[in-house]
Protein chains: 2
Amino acid sequence: MTARTSTDAGRDIPEATVARLPVYLRALTGLAEARTATCSSEELAAAAGVNSAMLRKDLSYLGSYGTRGVGYDVEYLRYQIAREIGVTQDWPVVIVGIGNLGHALANYSGFRSRGFRVVALLDADPSRHGEVVAGIDVQPFDDLEEIVAEHGVAIGVIATPAVAAQDVADRMVAAGVSSILNFAPTVLSVPEGVDVRKVDLSIELQILAYHVQRKNGIVEAEEEPA
Amino acid sequence: MTARTSTDAGRDIPEATVARLPVYLRALTGLAEARTATCSSEELAAAAGVNSAMLRKDLSYLGSYGTRGVGYDVEYLRYQIAREIGVTQDWPVVIVGIGNLGHALANYSGFRSRGFRVVALLDADPSRHGEVVAGIDVQPFDDLEEIVAEHGVAIGVIATPAVAAQDVADRMVAAGVSSILNFAPTVLSVPEGVDVRKVDLSIELQILAYHVQRKNGIVEAEEEPA
DNA sequence: TAGATTGTTAATCGATTAACAATC
DNA sequence: TAGATTGTTAATCGATTAACAATC
């Protein structure tokens with residue numbers, strides 16, 4: 001209902017929508033690679049694994065990038081979403097904790113290709129310093145502040161054991177990192193304004209286990225013979 | 001309002017609650033290790049990083065395991081949640097795709113300690129067969145059906161490149177796997193009744209990037225000089 | 001103009017939170 | 001009995017979905 005100027009780009013996107021934008025971006029990249037010029041909300045929604053009404057609602061928060069009766073221009077929409085997320089620019093990232101998972105993250109090609117550049121790998125263990133992982137020297141954790149300042153790092157990844165994670169987070173925040181991706185199985189407390197997302201592998205498995213148990217367990221639990 | 005017998009354990013737990021139960025379980029394990037016998041919903045909620053009203057509501061779906069005026073018995077509640085999730089038993093798990101991430105997952109100690117047992121590591125690449133990772137031989141992907149049948153595997157982990165993931169999922173489902181944890185950056189389609197959870201590292205970073213941009217971008221976007 | 005498909009409204013659904021009666 | 005804290009109700013909030021007017 002409210003008139004929108006071209007500079008007022010419809011702020012305040014719901015969290016649930018923000019979390020799906022990267023999924024749409026990936027689907028659009030797939031369509032672009034398949035040389036698809038145009039797609040309907042129905043097609044894009046299918047590729048992204050969501051309901052088309054939800055897709056249209058989500059996109060409506062960004063602006064009006066489709067054409068009624070026609071659909072969306074794949075390349076144009078792809079760019080608009082990338083711009084909205086912020087992945088048209090390059091984000092310097094620091095990874096702390098170069099164990100098995102840190103190794104895997106450092107080598108993960110999906111970061112590079114989506115606008116993230118790993119500028120440093122840090123580890124508190126001196127025996128790891130100097131090791132080269134994914135073409136990058138592992139450096140002492142104490143270099144954190146210097147590296148964050150030098151590269152303007154806003155995003156830090158924690159792949160340390162749980163006991164170290166809060167300390168690492170505190171140091172990151174003090175150094176100026178405002179967003180943290182936490183792989184350590186622990187709850188981090190951070191000041192207002194700092195964003196933490198957590199990826200917890202064993203929690204994901206536990207959620208699955210619950211559902212397996214439900215599916216099988218009904219028989220067992222109710223002891224209802226046929 | 002409805003009377004509950006001891007065998008009717010209050011089914012139908014909301015998804016959001018299910019996803020938090022493992023977090024509570026971990027917090028309780030932490031309290032138990034610290035020799036805390038009893039805790040209030042306030043304390044447990046703080047340890048889990050949630051609101052205490054939400055914690056109590058969540059726990060109320062499991063049953064009535066606290067004591068008014070007193071709180072919860074840590075060990076007792078820990079066991080009840082573990083039982084509800086299903087991690088009092090052992091879950092055999094298969095990991096497919098033994099690249100960097102597969103290595104990290106195979107070595108992840110958090111699985112073992114939480115009731116998950118990696119029974120096989122599979123990879124389609126013959127050059128990887130016979131390699132020993134985390135004490136387990138890497139086997140051909142074609143052994144999948146045999147392994148699933150032999151160990152009664154219900155949970156499969158996909159850590160392959162995106163292009164292979166759908167095929168792997170199809171084979172897993174056909175072999176009898178009913179729950180899949182997918183690390184490949186692609187949308188899987190599976191039949192009704194099969195559960196898929198996805199962990200997408202680059203999507204997590206993109207969500208963070210969006211928020212960083214919002215925090216910084218407001219200045220830049222609105223061009224509002226002080 | 002007729003057919004297609006968006007963008008938006010309104011309805012529904014589910015999740016969170018505050019408040020408090022029940023009760024230890 | 002008085003204080004503490006649960007378990008539950010009811011209010012609020014946010015997310016999803018169906019439906020359709022707008023419009024290409």
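Proteins get letters first, then strands, A, B, ... in listed order; numbering begins at 1 in each. Because the structure is predicted, anything quoted here is derived from the model rather than measured.
Here the shortest heavy-atom pairing between B/C39 and B/L44 reads SG-CB, 4.0 Å. When all heavy atoms are compared, the tightest approach of A/V148 to A/A175 is CG1-O, 3.3 Å. The shortest heavy-atom contact between B/V23 and B/A48 is CG1-O, 3.7 Å. Nearest heavy atom pair, residue B/I155 against residue A/L208, reads CG2-CD1, 4.2 Å.
Residue pairs that meet the salt bridge (Lys or Arg N to Asp or Glu O under 4.0 Å) test with at least one member in residues 37-59 of chain B, sequence neighbours left out, are B/R20-B/D58. For residues 174-195 of chain A, no residue pair satisfies the side-chain hydrogen bond (donor to acceptor under 3.5 Å, both in side chains) rule, not counting sequence neighbours.
Distance alone, capped at 3.5 Å, is enough to place a donor-acceptor pair between the B/W91 side chain and the B/G86 backbone. Of the possible donor and acceptor atoms, one in the side chain of B/T29 sits under 3.5 Å from a partner among the backbone N and O of B/L25.
The side chain of B/S64 approaches D/dG7 more closely than any other nucleotide in the set D/dG7, D/dT9, C/dA15. Closest to the side chain of B/Y72, out of D/dA15, C/dA15, D/dG7, is D/dG7.
A ring-centre distance under 6.0 Å is found for B/F111 and B/Y108.
Side-chain contact check for A/L144 versus A/M172: some heavy-atom pair is nearer than 4.5 Å. Side-chain contact check for B/I13 versus A/Y210: some heavy-atom pair is nearer than 4.5 Å. Side chains of B/V177 and B/R171 form no contact here, defined as non-hydrogen atoms less than 4.5 Å apart.
In this structure, the CG atom of A/N51 is 14 Å from the P atom of C/dC13, given to the nearest Å. In this structure, the OH atom of B/Y76 is 14 Å from the C1' atom of D/dT6, given to the nearest Å. Across the protein-nucleic acid pair, A/I13 atom CD1 and D/dA15 atom C1' stand 15 Å apart, rounded to whole Å. Counting to the nearest Å, the C1' atom of D/dA15 and the CE atom of A/M54 are 9 Å from each other. Here the P atom of nucleotide C/dT16 and the CG atom of B/L55 are 12 Å apart, to the nearest Å. A/Y61 has its OH atom 11 Å from the P atom of C/dT9, to the nearest Å. Atoms CG (B/D58) and C1' (C/dT16) sit 10 Å apart, rounded to a whole Å. In this structure, CG of B/D73 is placed 13 Å from P of D/dT6, rounded to the nearest angstrom.
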- Message: Could you write out DNA chain C as dot-bracket? Rules: Watson-Crick or G-U wobble, both distances under 3.5 Å, brackets [ ] for crossings, | for pairs with another strand, dot for unpaired.
- Response: ..||||||||||||||||||||||
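Ion pairing of A/D200 with B/R26 is present here, as a side-chain N (NZ or NE/NH1/NH2) and a carboxylate O approach within less than 4.0 Å.
Contact check of residues 38-50 of chain A against DNA chain C (heavy atom, cut-off under 4.0 Å) returns A/S40, A/S41. Annotation: proximity of residues 20-31 of chain A to DNA chain D (heavy atom, distance under 4.0 Å) is found for A/R20, numbered in ascending order.
Of the candidates B/Y79, B/Y76, B/Y72, B/Y76 is the only one forming a ring-ring contact (aromatic ring centres under 6.0 Å, His included) with B/Y65.
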- With B for base contact, S for sugar-phosphate-only contact and - for none (protein heavy atoms under 4.0 Å), nucleotides 19-24 of chain C reads B-BBBB
